[in-house]
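Report on one structure; see the data block that follows.
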Amino acid sequence: MTTRPTDLQLASWLVTAGRPSRPGAPLNVPLVPASNFLIGQGRHYARDDGTPTWEALEEVVGGLESGRAVAFGSGMAAIAAVFDQLPAGAAVVLPDDCYQGVCGLVEAGAQRGRWSVRRLALSDTAGWIDACRTADLVWVESPSNPLLGVADLEAIVSAPRRRGTIVAVDNTFATPLNQRPLDLGATVSLQSATKFIGGHSDLLAGVATTRDEAFWHALRRSREIHGATPGALEAFLAVRGARTMALRLQRAQESAMILAQRLHGHPGVQLTRYPGLPSHPTHATARRVLKGYGTIISFDVRGDAAAAEAVCRGLGLIRHATSLGAVESTIERRAALSGQQHLPPSLLRLSVGIEDVEDLWKDLDAALRGVGA
Ligand SMILES: *Cc1c(COP(=O)(O)O)cnc(C)c1O
């Protein structure tokens with residue numbers, strides 16, 4: 001378990017964690033591109049034993065969640081390592097609104113008979129509590145992608161569970177700065193470090209964090225046997241990105257609230273989904289369980305898919321691209337993705353970056369007016 005000094009706030013931990021302390025050492029985490037090490041000091045081979053650079057990332061995220069972390073080559077690699085722990089024929093419970101990569105993983109496994117799947121609405125707290133007693137894996141993603149539903153994580157994660165049931169929380173959207181699932185009792189918390197931790201759209205990485213020692217060893221073993229290792233440069237960049245994460249999140253979150261309020265009243269917008277808006281169906285839960293409402297807004301453009309696509313093309317500062325949690329604002333029509341056709345056709349998912357909020361609003365307002373709203 002990575003222990004953050006109790007007198008340090010998370011923002012300070014982000015700046016200081018993982019740094020070398022030996023006199024004469026560089027101030028920053030060393031970028032160590034190594035596959036193997038001289039025999040004698042315990043560390044032999046990177047895929048089995050890790051590297052100093054991966055360990056720096058694990059220390060940063062482990063301290064954020066107050067658990068022990070394992071870094072992977074991507075968020076999906078970390079997630080697959082959790083599913084790898086399931087016995088044959090396991091029962092998996094998944095939210096009805098869920099990251100499409102996880103849906104793909106779960107469907108592929110179900111088709112091969114590896115597990116059976118049941119989908120639940122995030123707001124069905126009683127259903128989730130019941131699942132903790134009956135399922136082998138309870139997979140919670142909250143806030144969810146892209147409808148931004150917020151689960152009553154406190155109630156779900158602290159519910160009595162069957163021995164061996166894994167309660168996993170995909171904490172990518174909230175980040176450990178807004179929600180700490182392990183504090184509530186989750187077995188494992190997942191981060192796509194590709195998003196907020198990296199924060200600059202220039203790397204793929206993932207981290208799984210747990211307080212269960214046996215589960216940590218199982219995740220490490222899974223990384224080793226599947227070769228799901230992070231790159232040296234990616235781990236280095238993820239640590240570098242994490243240094244400014246609290247600042248970036250705070251700024252983008254403030255802007256997201258302002259933009260959500262303005263989108264909510266815009267004639268070109270039919271529906272604005274943001275957990276911070278009182279009109280959001282799970283706003284009351286979000287207020288209770290989240291420290292901040294996050295930087296993602298999903299809104300339905302008035303009109304059809306073509307109108308929404310036209311808004312994307314009409315934007316300048318906001319880039320028409322997928323992904324989220326970076327310094328630059330990005331927007332995308334989610335129903336255009338394969339497997340996402342159940343979503344409202346004109347739904348745009350906006351990831352708010354750290355640009356000036358008035359510049360962002362000018363861009364959005366002009367693009368929305370450009371399609372005739
Ligand atoms: C991006 C994302 C993932 C997958 O992470 P990768 O780093 O792209 O593999 C998983 N869950 C959520 C919520 C995400 O946004």
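Order of appearance sets the numbers: ligands from 1, and atoms from 1 within every ligand.
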Check your understanding: Based purely on interatomic distance, does T194 place a nitrogen or oxygen under 3.5 Å from a nitrogen or oxygen of ligand 1?
Key ->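 Between T194 and ligand 1 (N or O atoms, distance only) the closest approach is under 3.5 Å.
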
Check your understanding: What do you reckon, does A77 have a nitrogen or oxygen under 3.5 Å from a nitrogen or oxygen of ligand 1?
Key ->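 Checking ligand 1 against A77, no N or O pair falls under 3.5 Å apart.
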
Between [X] and [Y], is any side-chain donor less than 3.5 angstrom from a side-chain acceptor?
X    : Y    : result
T125 : D152 : no
E328 : S201 : yes
R240 : N28  : no
D170 : T172 : yes
S329 : E355 : yes

Review point. Which of the atoms of ligand 1 are close to A205, meaning less than 4.0 Å from one of its heavy atoms?
Key: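 With A205 as reference, the close atoms of ligand 1 come out as 7 (O).
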
Exercise for review: Go through ligand 1 atom by atom and flag the ones less than 4.0 Å from a non-hydrogen atom of G75.
Suggested key: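 Answer, ordered by atom number: 5 (O), 6 (P), 7 (O), 9 (O).
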
Got the closest protein heavy atom to [atom], with its distance?
atom                    : value
atom 12 (C) of ligand 1 : D170 OD2, 3.4 Å
atom 4 (C) of ligand 1  : Y99 CE2, 3.4 Å
atom 15 (O) of ligand 1 : K195 NZ, 2.7 Å
atom 9 (O) of ligand 1  : M76 N, 2.8 Å
atom 5 (O) of ligand 1  : S192 OG, 3.0 Å

Review point. Do I166 and L86 come close enough that some side-chain heavy atom pair is under 4.5 Å?
Key: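 With C-beta onward as the side chain, the pair touches.
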
**Study point:** Heavy-atom side-chain proximity of V352 to E254 below 4.5 angstrom
**Key:**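 SC-SC contact between V352 and E254 ruled out.
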
Practice item. For I79 and ligand 1, answer yes if some heavy atom of the residue is under 4.0 Å from a ligand atom, otherwise no. Key: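 I79: in contact with ligand 1 (<4.0 Å).
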
Review point. Under 4.0 angstrom from ligand 1, any heavy atom of S323?
Key: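 S323 does not count as a contact of ligand 1 under the 4.0 Å cut-off.
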
Review point. Distance-only, no hydrogens or angles: does the E65 side chain make a donor-acceptor pair with backbone N or O of R180 under 3.5 Å?
Key: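 Pair absent, no side-chain N/O of E65 close to backbone of R180.
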
